[in-house]
J.: 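Next up is a structure, given as structure tokens.
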Amino acid sequence: MITHTENNAPETTPLTDPRGIYVLIAVCCVAIATPFCFTGIAVGLPTISRVIGGTPIQLNWAINSFLLTFGSTLMAAGALADNYGRKRLLLTGLAIFGFFSVSLSFAVNIMWFDLLRAMQGLGAAGAFAGGFASLAQEFDGTARLRAFSIVGTSFGIGLAFGPVAAGWLIAHFGWQAIFVLVLMLSAIALLFAAIFMRESRDPDASGLDWKGAVIFTLALSAFTFGIIQGPESGWSNPLVIGLLAGSASLFVLFVLVERAAKRPMLDLSLFLFPRFVGAQLLAIVPSFAFVALLVLLPVRFIGIQGMSEFAAGQLMVALSAPFLILPIVSGLITRWFAPATICGAGLAISAAGLYWLSHFSVTTDPVALIGPLLTIGVGISLPWGLMDGLAVSVVPKERAGMATGIFSTSRVAGEGVALAIVTALFSALIKTNLSTVAGSNASAVAQRLVTGNLKEASALVASVQRETLLQGYDKGFTATLWFLCGITVLTALIVFLFLGRSHETVENIEHEVDEAVRHGLHSGEKTP
């Protein structure tokens, strides 16, 4: 494979080269800051709602607006990186990301907060796609896999330790401090990237697939909006039905447009390879088995159980701590175990932890939750150290922007969609449990309990005892955990089967993809 750069610099950089290390640090800062932007907010949401107000659906959008714009524009951002320059997109994205992160500290109401969060997500998409695509050009072979493993671990740290860091910052400096940390990480990444990163682009790029980008963004937006709106308006509401039906139609249209495109944003032929499909499933399943808990648990600890933000953050350490060690360990033990075995076993362990956690109520001593939370963290952190390297190994190097865009979209869009689905399911289960005692107010009560507003939920049904509301919440939480456990078990089986050949070398995988190109699987695209 030939790497083309604007300045005719050497093709690749050793992982030990000082310049390469600074580039890696820059991308790692991006990888930490972006997931922190939604797991950190989960801890700050009760405080933010008290300060600037907001209905349950508006508070849901405080998290989902970022995830939606971030996830839905990642593939387009990857294509922009290949076409117009990876370093250029990274620097532009970081500037936008940092600016709107600061602006969030001055939001005066929840509507402005949600809008600024959406703009912050656009900047994050540019920074993320540009950074990952640049990294694929800086390193090759084993060094590239190790670099992506380090960045993937950084993403996991930002994701897992977001609640801990946010809890500490809120307790000492207020909720605005969350965004100050994001600004600091963005500034470091911007400085190092501007000085040490080389510019590169795909020499065969022929422009952005605007039709595909717009259709995909609209489809994902309509689906997420419909899932979030469902619990409040009802699933039979014409708006909700229209959004979900429109989303399905747009996704079908997206597939047709991509198949006809000469240079598609999403190369559908890649889904013919089981390893590639397995990598995408591996990117999505943590959204259900892990990320959803990073949002639901802090809201439960703070809003329902009355813990402080700092105490809730400390308890979340049990879920997060394995990410400091096990992603690296998983890379080392591939000498003895196939990645498919490690990933499948990790997901099975996580499923066991979810089932264990389902046996504890809101009245349980928080210390008792350490065991199941630690088990879930151990299970998810094992495949986490391998997934980025697996994903980037299945496409030719020249299409790095597309590859990272697809994988990152699966991971981030999966988080947004999974969170919307899990929240809607949780709300529906609580509503069912409380329908006999709360009557017509059951839906409103359920939505407030899901967002951790026990006080307002109690006020809506003053005649219902607080213990009854907590019982309804507990039953809903337990059933939701069973749902997450089932998804994790099913995905573990599929990933184990689909990644069964993932021990093959990078060169063999790239050769296989190139052969697919030559046989016309890329819908008319010429071989680079």
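Nothing here was measured: the structure is a model prediction, and the numbers come from that model.
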J.: With a 4.5 Å heavy-atom cut-off, do Q465 and V437 have their side chains touching?
T.: no

J.: Would you indicate whether W112, at its atom CH2, is surrounded by more than 12 heavy atoms from other residues, nucleotides or ligands within a distance under 6.0 Å?
T.: no

J.: Would you find a donor on one side and an acceptor on the other, under 3.5 Å apart, between the side chain of S381 and the backbone of V378?
T.: yes

J.: Please assess W168 against V43 for the test side chain to side chain contact (heavy atoms under 4.5 Å, CB included), listing each intermediate value before the final yes or no.
T.: CA-CA 10 Å; W168 186 85; V43 173; over 6 Å; no

J.: Begin from the C-alpha positions of S443 and Q447 and carry the test side-chain hydrogen bond (donor to acceptor under 3.5 Å, both in side chains) through to its verdict.
T.: CA-CA 6 Å; S443 179; Q447 292 173 56; 3.1 Å; yes

J.: For A442 and S435, work out which heavy atoms get closest and say how close.
T.: CB-CA, 3.9 Å

J.: Is a donor on one side and an acceptor on the other found under 3.5 Å between the side chain of Q305 and the backbone of V362?
T.: yes

J.: Using only atom types and a distance under 3.5 Å, with no angle test, would you say the side chain of T478 pairs donor to acceptor with the backbone of S358?
T.: yes

J.: For a 4.5 angstrom cut-off between non-hydrogen side-chain atoms, does L90 reach L190?
T.: no

J.: Please name the residue in the list E309, Q314, M316 that meets the side chain to side chain contact (heavy atoms under 4.5 Å, CB included) test with F301.
T.: M316

J.: Hey, is CZ on F251 packed in by over 12 heavy atoms from elsewhere, all under 6.0 Å?
T.: yes

J.: Of the non-hydrogen atoms in L59 and G53, which two are nearest, and what is the gap between them?
T.: CD2-O, 4.0 Å

J.: Would you check if R117 and I41 make a side-chain contact, meaning some heavy-atom pair closer than 4.5 Å?
T.: yes

J.: Out of the candidates F323, F161, F132, F128, only one should pair with F155 under the ring-ring contact (aromatic ring centres under 6.0 Å, His included) rule; please name it.
T.: F128

J.: For residues L68 and S221, report the shortest heavy-atom separation together with the two atoms involved.
T.: CD1-CA, 3.6 Å

J.: Less than 4.5 Å apart, any side-chain heavy atom of V27 and any of S134?
T.: no

J.: Ignoring hydrogens, what is the shortest heavy-atom contact between S103 and L116? Give both atom names and the distance.
T.: O-CD1, 3.7 Å

J.: Run the side chain to side chain contact (heavy atoms under 4.5 Å, CB included) check on V461 and L469 step by step: do they pass?
T.: CA-CA 9 Å; V461 282; L469 295 180; 4.1 Å; yes

J.: Less than 4.5 Å apart, any side-chain heavy atom of L319 and any of F290?
T.: yes

J.: Measuring only between side-chain heavy atoms, which start at C-beta, is T491 closer than 4.5 Å to I284?
T.: no

J.: Rounded at 0.5 Å granularity, tell me how far OG1 in T488 sits from CD1 in I376.
T.: 9.0 Å

J.: With ring centroids as reference points, do F179 and F36 lie under 6.0 angstrom apart?
T.: no

J.: Spell out, as yes or no, whether a donor-acceptor pair under 3.5 Å connects the side chain of T423 to the backbone of A420.
T.: no

J.: What are the two closest heavy atoms between P35 and V30, and how far apart are they?
T.: CD-O, 4.4 Å

J.: Is there a side chain to side chain contact (heavy atoms under 4.5 Å, CB included) between V445 and I430 once you walk through the steps?
T.: CA-CA 9 Å; V445 170; I430 295 176; 5.7 Å; no

J.: Rounded to the nearest 0.5 Å, what's the gap from CZ on R300 to CE on M307? Could you check?
T.: 10.5 Å

J.: State the SG-CG distance between C28 and L185, to the nearest 0.5 angstrom.
T.: 11.0 Å

J.: Say you draw a straight line from NZ of K431 to CG of N433; how long is it, rounded to the nearest 0.5 Å?
T.: 12.5 Å

J.: Please check: side-chain N/O of S330 versus main-chain N/O of P327, any donor-acceptor pairing under 3.5 Å?
T.: yes

J.: For the side chain of S101 and the backbone of F97, is there at least one donor-acceptor N/O pair under 3.5 Å apart?
T.: yes

J.: L220 versus V417: any side-chain heavy-atom pair under 4.5 Å?
T.: yes

J.: As an exercise, state the distance from CD1 of I370 to CG of L315, rounded to the nearest 0.5 Å.
T.: 6.5 Å

J.: Answer yes or no: is there a donor N or O on one side and an acceptor on the other, between the side chain of S350 and the main chain of G379, under 3.5 Å?
T.: no

J.: Any side-chain heavy-atom pair from L293 and L354 closer than 4.5 angstrom?
T.: yes

J.: Closest approach of W235 and G226, non-hydrogen atoms and distance?
T.: CZ3-O, 3.9 Å

J.: Find the distance between CZ (F100) and CG (L183) and round it off to the nearest 0.5 Å.
T.: 13.5 Å

J.: Output, in order, the C-alpha distance, side-chain angles, deciding distance and verdict of side chain to side chain contact (heavy atoms under 4.5 Å, CB included) for C343 and L347.
T.: CA-CA 6 Å; C343 294; L347 294 179; 5.6 Å; no

J.: How about I325: does its CD1 atom have over 12 heavy atoms from other parts shown lying under 6.0 Å from it?
T.: no

J.: Got a donor-acceptor contact below 3.5 angstrom from the S361 side chain to the D474 backbone?
T.: no

J.: Is the backbone of I52 close enough, under 3.5 Å, to the side chain of N109 for a donor and an acceptor to pair up by distance?
T.: no

